[in-house]
There are 2 protein chains.
Amino acid sequence: MTTASQASVPCPIGRAVGLMGERWTLLILRNANLGTTRFDAFRAELGIADNILSNRLARLVEAGLLARVPYRDGGRTRQEYRLTTAGADMLPVLHALAVWGDKHTEPAEPAGSMRVIHQRCGQVTTPGKVCDGCGEIVRREDEAWVRPWLSPDPISLAGPIDTDT
Amino acid sequence: MTTASQASVPCPIGRAVGLMGERWTLLILRNANLGTTRFDAFRAELGIADNILSNRLARLVEAGLLARVPYRDGGRTRQEYRLTTAGADMLPVLHALAVWGDKHTEPAEPAGSMRVIHQRCGQVTTPGKVCDGCGEIVRREDEAWVRPWLSPDPISLAGPIDTDT
DNA sequence: AACGCTGGCTTGCATTTAGCAAGTAACAAG
DNA sequence: CTTGTTACTTGCTAAATGCAAGCCAGCGTT
């Protein structure tokens, strides 16, 4: 799913950054990993302009990280932007950014830090491979995030859509 | 080291992305982690415009990820941009981008993939915490990268400068 | 068939940013 | 004093960002 401009970059970091080294793209991928799929939901959650959101979603679909999928809603057809495997595989990047952000930056108001929950044992854990509590590998489907500034409830990560792009 | 615009963002990912969700910034951090320190070296390695490089280096210094340090070179005073602890702590983000980029994007010409070497045992390993070969935790000072499109030689990661910003 | 509503954009515009290429200032050597 | 180097700055053009209004397709209702 490489776009033409990636193909000339030998470095995988360079190619990845060419696709997603842009703040709105990364924020869209964060929210998509947490289950956001609809245009108006991204717009509301991110406070992003319509034209920028439309542009970024199109790029993410073209790059294969999201898939634009029609669905029926109360009789009418709507569109949603579903996470693909490539989009889901961004989770380690999001984990790493969360750890860095938590260590090196401060929110103005301590609403409480973001926490990652291993749902199988219920423990808070460092994002990454192995649960700090029980030592098990934390699988995506057992991981939830608590963002206390939004809600005290853990949000499970979204599963990717199966896709052949 | 939070800039004013970060302080209003409760999410650590949002704050991190506010500082570095931009391709040139990420690429500068990649090269700084591999030991690049001088303005003309960044310019040559990245093919970046002077004004953009100057701007990004200033922002990274302001955000505390790099430190601008004078040094003597053949009698004259020059400046270098040294990695700080905060900049060094970007390594997991770079690792995650490398893994993603390697899995989901293709170079035009197979020059060979980027490889991470655990120098204590000499093995190639997956970037991350534990060596695939010997099972030891891969410490920064024992990690080197091979980027075959540049050179067959492993490049050790740069150690951060001690700094109190 | 006509109309209204909604969703998912597009458009026009002003502002900002990106990037090229030339130029500048400070500092050193000759 | 002149020259060269380093680390930028500047002027300019093109592209991107983002606001706010508007458009179009698809649907349901009348």
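The chains referred to below are lettered A, B, ... by the order of the sequence lines, with proteins before strands, and numbering in each begins at 1.
OP1 or OP2 of D:dC8 lies within a sub-4.0 Å distance of a side-chain N or O belonging to B:Y81. Not one side-chain nitrogen or oxygen of B:R76 sits closer than 4.0 Å to the OP1 or OP2 atom of D:dT6. For the OP1/OP2 pair of D:dA7 and a distance below 4.0 Å, the side-chain nitrogens and oxygens of B:R78 include at least one atom meeting the criterion. At the phosphate of D:dT17, neither OP1 nor OP2 sits under 4.0 Å from any side-chain N or O atom of A:W24. Close to D:dC8, at under 4.0 Å from its OP1 or OP2, lies a side-chain N or O of B:R68. Dashed line: the shortest gap from a side-chain N or O of A:R56 to OP1 or OP2 of D:dT17 is under 4.0 Å.
The side chain of B:R72 lies closest to C:dA28, out of C:dA22, C:dA28, C:dA18. Nearest to the side-chain atoms of A:Q79 among the listed nucleotides C:dA18, C:dG8, D:dT9 stands C:dG8. Of all nucleotides listed (C:dA18, D:dT9, D:dG18), D:dT9 comes nearest to the side chain of B:S54.
If you check distances only, the side chain of A:N51 does reach the base of D:dG18 with a donor-acceptor pair under 3.5 Å.
Nearest heavy atoms, B:P160 versus B:R140: CD-NE, 4.3 Å.
Under the 4.0 Å criterion applied to side-chain N and carboxylate O atoms, B:D73 and B:R76 are not assigned as salt-bridge partners. Here A:E22 does not pair with B:R23 in a salt bridge; the nearest charged N to carboxylate O distance is not below 4.0 Å.
With DNA chain C read from its 5' end, the first of the two nearest nucleotides for B:N55 and B:D50 is the one closest to B:N55. Comparing A:I52 and A:T77 by the nucleotide of DNA chain D that holds the closest heavy atom to each, the one mapping nearer the 5' end is A:I52.
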Full working for side chain to side chain donor-acceptor pair (under 3.5 Å) between B:H118 and B:D142: CA-CA 6 Å; B:H118 182 208; B:D142 299 322; 4.6 Å; no
